[in-house]
Amino acid sequence: MIELWHLVSANTRKEFIELKRYFPNTISMILTFYFIFLAMLLGINVIGDPQQADTNIQYVIVNYVIWFFMLMTLQGLGFTILIEAQRGTLEQLFMSPKGMWRILLARITANFFLNGTIVIFLLILSMFTANQWLYFRVDLVLPIFFITAIGMVGIGFMLAGLAIIVKQIQSFLQILQFILMGLTFVPLSVAPYLIFAPFVKGVDMIRQVMIHGYTWGDFTMIDYSALVLNSIFYVAIGLYIYMKSENVAMEKGLLSQY
Amino acid sequence: METIIEVKELHKKYKKRKTKEIVKAVDGVSFEVYRGEILGLLGPNGAGKTTTIKSICGLLKPNGGSVHINGYDSDKQRLKALNYISAVLEGNRNLYWRLTARENLEYFAGNRGVGRKEVKQKVEDLLILFNLKEKENELVSSLSRGMQQKLAIAVALLADTEVILLDEPTLGLDVETSYEVRELLKRIVKEQGKTIIISTHDMPVVQELCERTVIINNGKVVADEKVENLIKLFESRAYCFTVSDELTQQQITAIKSHFPIYEISDQQIEITIERENDLYIMMDILKSEQTNIEKIDRTSVDFEQVFMKLIKEGQENDRALASS
Ligand SMILES: Nc1ncnc2c1ncn2[C@@H]1O[C@H](COP(=O)(O)OP(=O)(O)OP(=O)(O)O)[C@@H](O)[C@H]1O
Ligand SMILES: [Mg+2]
């Protein structure tokens, strides 16, 4: 347990150092977020009836934040593999007795933590600047989002597995973000079978909370079970595919740059 | 002597990506590594050294045979086996170039589940031992090749495993740094009782550091002996004939066909014999044209010559096998 903590803290430190060293990158990310949030918040005042716009804008902002985390989770692991392979450090990572999958998990946890802090700080900052405060059921949105994120991590592992074997998936990872963006915007009431798709159920529940003001009691046991099972299913299958891919890579000698 | 690593009938094939041609990189390699020794893994380019090392490290799955580390199968019990080994792999990409020397040490320790505080003292000691203390806060990308290599070895040491594998640790280093690395490794073995496997082309490394050497060529082991024994063995087999006449073409052809390892220059013929009888064969060849033998000497050989001879001999044997 303590070892896992060291694993996570070492990877958080590393990611933090890289955020600092790539300062221009980090700054542009921060500015982008800040201005997008600000534009959305100020938009509330401009677009007609503030009463109505309020919930919508809240939802758009939350959706945007979710989409950002989703992108980070889904692409993050794949890109980690690609970058490490490019730098040639992938094999050293694979020599950790903790296992590469735990290192990847530590990386994603680190990124959630670091980027989460930045984004939440920026959101508060832009609310402060715009003097437009949003109302969140944090106690509800956060746990739902967390469970949804577990399923996303599963998909992230699948893509990481793919990246170990096929090194030319950069553009695929990029295209993927639009498909996923689509998924987050389709309400389940329109396409009920999407309940089996990764993380759609979670996003839908967040939407219910944000727009229709659902509380804990408004969801049924079926909703909660679907949410949890969906995540468990995708994280299990994701890890399984990732492990299989590791085996293929070691079989074919794909970990090195050869 | 206690065995810590056992490589048994290891086979590894690759499929070339473009030509789809199958390469037998390692073809039935077996050897053992004993606790506390430095073993040299030698062989010409493409012999299969790196493939062997990566199989030991669990980075490659064998197509046949097995590797056991402290009893754990490096393929089927990969993570358990990895507790006992760390490695500096071929080339200079064992480190994060955008992190500093110290950050690299700490990061890799963390990846093995060890905290910064726990390794604090050891990081200090290693930075001093490897003469990197002044550079601890510099980015690895700005360090010289030699410093990078030393740091990579320090990272492997920090893992505090019983076995350390080094793939060509002195490749691309200047004479001075290569010497420094050698001295450091010597010290580490003496003071910390590590087991080290070094793959190298660098003969001084073998002669100075390695007690025993496994020589591989074309994916097969051609020798597994103590370095001094190999030299002795070859010295007992190496003869130099000094003759007063020039040899005829027929004689030269006869020598070539009998002795896989030979060298003819002016009036000296150096051969390595395999059996007592070979000496008489050689004399017969010379007598056949009434060549006058001035003297017959034992020759002294250095390890580099031994190595070259072994490789040649192996290739001759292969050829003989193939043609028979
Ligand atoms: N990933 C790979 N894919 C295809 N062929 C490979 C791969 N790795 C090694 N080979 C081939 O396998 C053979 C053995 O290579 P290996 O790298 O093990 O040799 P080596 O003894 O380490 O050589 P060197 O002294 O050049 O480092 C070579 O013919 C090489 O071309
Ligand atoms: Mg090699």
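Naming: A, B, ... by sequence-line order, numbering from 1 per chain.
Between A:Met127 and A:Phe37, every side-chain heavy-atom pair lies at or beyond the 4.5 Å cut-off. Counting only heavy atoms from C-beta outward, the side chains of B:His68 and B:Ser74 never approach each other to under 4.5 Å.
Between the side chain of A:Thr148 and the main chain of A:Ile144, a donor-acceptor pair closer than 3.5 Å is present. Distance alone, capped at 3.5 Å, places no donor-acceptor pair between the B:Thr3 side chain and the B:Ile5 backbone. Between the side chain of A:Lys201 and the backbone N or O of A:Leu227 there is no donor-acceptor pair closer than 3.5 Å.
In this structure, A:Tyr234 has its ring center at least 6.0 angstrom away from the ring center of A:Phe199.
Chain B forms more heavy-atom pairs under 4.5 Å with one residue of A:Asn247, A:Leu4, A:Ile2 than with any other, namely A:Asn247. Ranked by heavy-atom pairs under 4.5 Å with chain B, the list A:Lys252, A:Glu251, A:Glu246 is led by A:Glu251. The greatest number of non-hydrogen atom pairs below 4.5 Å with chain B, out of A:Glu84, A:Arg102, A:Arg21, is found for A:Arg21. The choice from B:Glu103, B:Lys13, B:Glu106, B:Glu90 that makes the most heavy-atom pairs within less than 4.5 Å of chain A is B:Glu103.
Interface residues of residues 118-129 of chain B toward chain A, defined by a heavy-atom distance below 4.5 Å and sorted by number: B:Glu118. Residue-level contacts of residues 22-55 of chain B with chain A, in order of numbering, are B:Lys54; threshold 4.5 Å between heavy atoms. At a heavy-atom cut-off of under 4.5 Å, chain A is reached by B:Arg78, B:Leu79, B:Leu82, B:Asn83, B:Ile85, B:Ser86, B:Ala87 from residues 75-87 of chain B, listed in order of number.
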#### Entry: Step-by-step salt bridge (Lys or Arg N to Asp or Glu O under 4.0 Å) determination, B:Asp160 to B:Lys194
CA-CA 9 Å; B:Asp160 204 16; B:Lys194 300 269 181 204; 3.2 Å; yes

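A salt bridge does not link A:Arg107 to A:Glu18: none of the charged side-chain nitrogens sits closer than 4.0 Å to a carboxylate oxygen.
Contacts between A:Ser9 and chain B at a heavy-atom distance below 4.5 Å are absent for every atom of the residue. With a 4.5 angstrom heavy-atom cutoff, A:Lys98 touches chain B via backbone and side-chain atoms both. Contacts of B:Val155 with chain A are absent, with no heavy-atom separation under 4.5 Å from either backbone or side chain. B:Tyr107 touches chain A through backbone and side chain together, each having a heavy atom under 4.5 Å away. With a threshold of 4.5 angstrom between heavy atoms, A:Leu7 approaches chain B through its backbone and through its side chain.
For the residue pair A:Ser96/B:Asn111, the side-chain donor-acceptor check at 3.5 Å is not satisfied. Side-chain atoms of B:Thr100 and B:Asn137 form no donor-acceptor pair, as typed in the model, at a separation below 3.5 Å.
A:Lys14 forms a cation-pi arrangement with B:Tyr96, by the criterion of a distance under 6.0 Å to the ring centre and an angle within 45° of the ring axis.
Crowding of B:Lys133 atom NZ: a count of heavy atoms from other residues, nucleotides or ligands under 6.0 Å exceeding 12.
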Show the atom names and distances, to 0.1 Å, of all donor-acceptor pairs under 3.5 Å that link a side chain in residues 113-122 of chain A to residues at least two apart or in another chain.
{"from": "A:Asn115", "atom 1": "ND2", "to": "A:Asn111", "atom 2": "O", "distance (Å)": "3.4"}
{"from": "A:Thr117", "atom 1": "OG1", "to": "A:Phe113", "atom 2": "O", "distance (Å)": "2.5"}

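Of the inter-residue distances, the one linking A:Leu104 atom CG with A:Phe157 atom CZ reads 5.0 Å to the nearest 0.5 angstrom. Here the CG-CG distance, from B:Asn94 to B:Leu89, works out to 5.0 Å after rounding to the nearest 0.5 Å.
Of all non-hydrogen atoms in A:Thr129 and A:Leu38, the two that sit nearest each other are CB-CD1, 3.7 Å. Across every non-hydrogen atom of B:Leu60 and A:Gly253, the tightest pair is CD2-CA, 3.4 Å.
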